[in-house]
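The structure under discussion appears below in the form of structure tokens.
These numbers come from the heavy atoms of this one structure, side chains and all, not from hydrogens, waters or symmetry mates. Note that the coordinates shown come from a computational prediction; the quantities given were computed from them, not determined experimentally. Each residue takes its place number in the sequence, starting with 1.
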Amino acid sequence: MHSIQEISSLCKKSLFQLDDVRYLNCAYMSPLSKSVEAAGIVGMQRKRIPTALKRSDFYEDSEKIRQLFAQMIFAQDPYQIAIVPSLSYGMAIIAKNTNFQRGQNIVVTSEEFPSNVYTWLRVCQEHDLTLKIVEPDNQLNNCGHQWNEKILEAIDGDTALVTLGHVHWTNGTLFNLKEIGQRARECGAALIIDGAQSVGALPFNVSEIQPDALFCPAYKWLMGPYGNCLGYFGSRYLNGIPLEENWLNRYPYDSDSFQDLVIYRDEYRPKAIRYDVGEMSNFILLPMIVRALEQLVEWGIDNIQTYCRNLVNHKFINKIGELGFLVAEEDSRAAHLVGISLPDNIDLEKLRSLLIKNKILVSIRGQSIRLAPNIYNDEDDMNAFVDALRQFRN
């Protein structure tokens, strides 16, 4: 693993194909590195001749993924990792395996990503629960601290489940999951984390935070393909019932013959593996995830967050502040996903067009710019962004 000093001075742009754009939008979707793309091509080539596939091909990549992801989030047991297709699929597993009681509540943050809302709206309707939506205060500089306090206050003895991200997906507000998790456990509530906008760029330690479940789509900060999501399950959910019954979540490891599939079995494969989606053994996508996780582990998640912090530094913040754009205090937000509040009476379409004209790719969410740099960005990208804002204001 590279040291922080090495990674901070060494951009990985050459490992990606981003030569003609300033891509500051990993929160939308990461680019694929050249090596991840190559792994997918090899996977397609392997599928060309089905007779060349071995039984081990159905399991080897998934085992590597469990090991690598467990290492990344400091999980002790790779069998606590499941391979599912999406965040919403993971939330549906939790909904199916939580014993809700009439009159309880579910705590979420406001403007949460829809895949972490619709499931709970349905649950509240079916079980006569209340969905508690915790709003932030409007004071930008203190928003993170106050929002965290309001979340803690919302969790009570009637709370069945608390679900939120490590950072808010629209503006990067950092949530104190350690304190929120402790409060949830005191009240007997489950803590379910949407890791889509953090894991892969912001350190996450399941031993410290102790979530009951964590779900991370592969196509954002994990730098993998679209259509896969990695899930971690704590002890509360390791003996649950999966959403679907497929041969892969029952077929034993110790069999060398597919003819044994006609011997039906009552028991599931151990722990979280029971939740694996049918046709989990995708011969194209899984090798891509393996390679993506390998490169992240090699670079180091701490190093990536430090690298992003060096890009979104005080000099950068001061420059955009002088132009009338505001950013939350550093201890209230992450470095890899930053919400930049727009001045009043901004022509959003004009700003969007100007950024696109300058080949600067960001997301605009509501009245803020969502800036999401990563290890493939450099100081030139950040300066180009500032120059575009200056041009717009002039």
Side-chain angles (χ1 to χ4, degrees), residues 23 25-33 36-37 39-40 61-62 64-66 68-73 75 80-95 108-109 111-120 163-170 172 175 177 191-204 206 209 211-233 237 243 272 275-282 284-297 301 304 334 336-337 363 365 370 372 374-375:
Y23 192 78
N25 204 12
C26 193
Y28 165 67
M29 183 179 296
S30 74
L32 293 178
S33 71
V36 172
E37 178 184 350
D61 283 335
S62 64
K64 291 178 184 177
I65 289 169
R66 295 185 219 278
L68 287 164
F69 190 63
Q71 180 181 348
M72 182 182 296
I73 62 173
Q80 290 181 265
I81 310 302
I83 300 172
V84 298
S86 64
L87 174 69
S88 58
Y89 189 100
M91 295 303 175
I93 293 173
I94 298 302
V108 301
T109 55
E111 297 187 350
E112 184 60 72
F113 192 77
S115 293
N116 196 20
V117 175
Y118 289 134
T119 298
W120 312 121
T163 180
L164 73 170
H166 197 173
V167 302
H168 197 275
W169 73 286
T170 66
F175 294 116
L177 296 185
L191 176 65
I192 312 301
I193 303 302
D194 171 4
Q197 295 292 7
S198 57
V199 177
L202 182 67
F204 191 101
V206 297
I209 297 172
D212 293 292
L214 164 73
F215 299 105
C216 304
Y219 71 97
K220 294 182 184 287
W221 301 94
L222 293 183
M223 295 193 182
Y226 192 81
N228 284 104
C229 177
L230 304 183
Y232 163 86
F233 291 82
Y237 291 104
L243 288 187
Y275 299 125
D276 282 352
V277 66
E279 299 186 17
M280 171 273 298
S281 306
N282 190 303
I284 300 169
L285 299 185
L286 262 58
M288 298 174 73
I289 299 176
V290 169
R291 181 61 198 127
L293 294 178
E294 286 175 342
Q295 66 186 13
L296 289 175
V297 168
I301 308 304
I304 293 173
H336 68 285
L337 197 163
S363 291
R365 295 290 184 266
R370 188 178 67 180
N374 208 325
I375 199 76

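The shortest heavy-atom contact between A82 and D276 is CA-OD1, 3.4 Å. When every heavy atom of L87 is checked against every heavy atom of P217, the shortest pair comes out as CB-CG, 4.2 Å. Residues V206 and L214 approach most closely at CG1-CD2, 4.5 Å, considering heavy atoms. Nearest heavy atom pair, residue I94 against residue A213, reads CD1-CB, 3.6 Å. When all heavy atoms are compared, the tightest approach of M288 to L32 is CE-CD1, 3.5 Å. Of all non-hydrogen atoms in T119 and A95, the two that sit nearest each other are CG2-CB, 3.8 Å.
Within 6.0 Å of atom CD in Q295, more than 12 heavy atoms from other residues, nucleotides or ligands are found, so the atom counts as buried in its surroundings.
For the pair K220 (side chain) and S30 (backbone), a donor-acceptor distance under 3.5 Å is absent. Using a distance-only test at 3.5 Å, with no hydrogens or angles considered, no donor-acceptor pair links the side chain of W221 to the main chain of G195. Between the side chain of R370 and the backbone N or O of G172, no donor-acceptor pair lies under 3.5 Å. Between the side chain of Q197 and the backbone N or O of A27, at least one donor-acceptor pair lies under 3.5 Å. With hydrogens and angles disregarded, no donor-acceptor distance shorter than 3.5 Å links the side chain of D212 to the backbone of I192. A distance-only check finds no donor-acceptor pair linking the side chain of H336 to the backbone of G200 [under 3.5 Å].
Within the model, atoms CG of L293 and CZ of F69 stand 7.5 Å from one another, a figure rounded to the nearest 0.5 Å. For the atom pair CG of D194 and NE2 of H168, the computed distance is 10.0 Å after rounding to the nearest 0.5 Å. Considering CG of L286 and CG of N228, their distance stands at 6.0 Å, rounded to 0.5 Å. For the atom pair W169 CH2 and Y28 OH, the distance stands at 12.0 Å (nearest 0.5 Å). With rounding to the nearest 0.5 Å, the separation of CD in Q71 from CD1 in I81 is 11.5 Å.
Within the 4.5 Å cutoff, the side chain of S281 has no heavy atoms near those of the D61 side chain. For the pair L177/F204, a side-chain contact is recorded, criterion being any heavy-atom separation below 4.5 Å from C-beta on. A 4.5 Å side-chain heavy-atom check between P31 and Y23 finds at least one atom pair inside the cut-off. Looking at Y232 and P211, their side chains come closer than 4.5 Å, going by heavy atoms from C-beta outward. At least one side-chain heavy atom of I193 sits under 4.5 Å from a side-chain heavy atom of L164. Side-chain contact between T163 and E112 is absent, with no heavy atoms from C-beta onward closer than 4.5 Å.
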Practice item. List the steps and the verdict of side-chain contact (heavy atoms from CB on, under 4.5 Å) for L337 and L202. Key: CA-CA 10 Å; L337 197 163; L202 182 67; over 6 Å; no

Q. What's the verdict on side-chain contact (heavy atoms from CB on, under 4.5 Å) for M91 and W120, showing C-alpha distance, side-chain angles and the deciding distance?
A. CA-CA 9 Å; M91 295 303 175; W120 312 121; 3.7 Å; yes

### Query
What do the steps show when you test L296 against I304 for side-chain contact (heavy atoms from CB on, under 4.5 Å), and what is the final call?
CA-CA 9 Å; L296 289 175; I304 293 173; 3.7 Å; yes

Please lay out, stage by stage, how L222 and V199 fare under the test side-chain contact (heavy atoms from CB on, under 4.5 Å).
CA-CA 7 Å; L222 293 183; V199 177; 4.2 Å; yes

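Screening L68, V84, I65 for a side chain to side chain contact (heavy atoms under 4.5 Å, CB included) with L230, the sole residue that qualifies is I65.
Scored by the ring-ring contact (aromatic ring centres under 6.0 Å, His included) test, F233 finds F215, Y275 as partners (sequence neighbours excluded).
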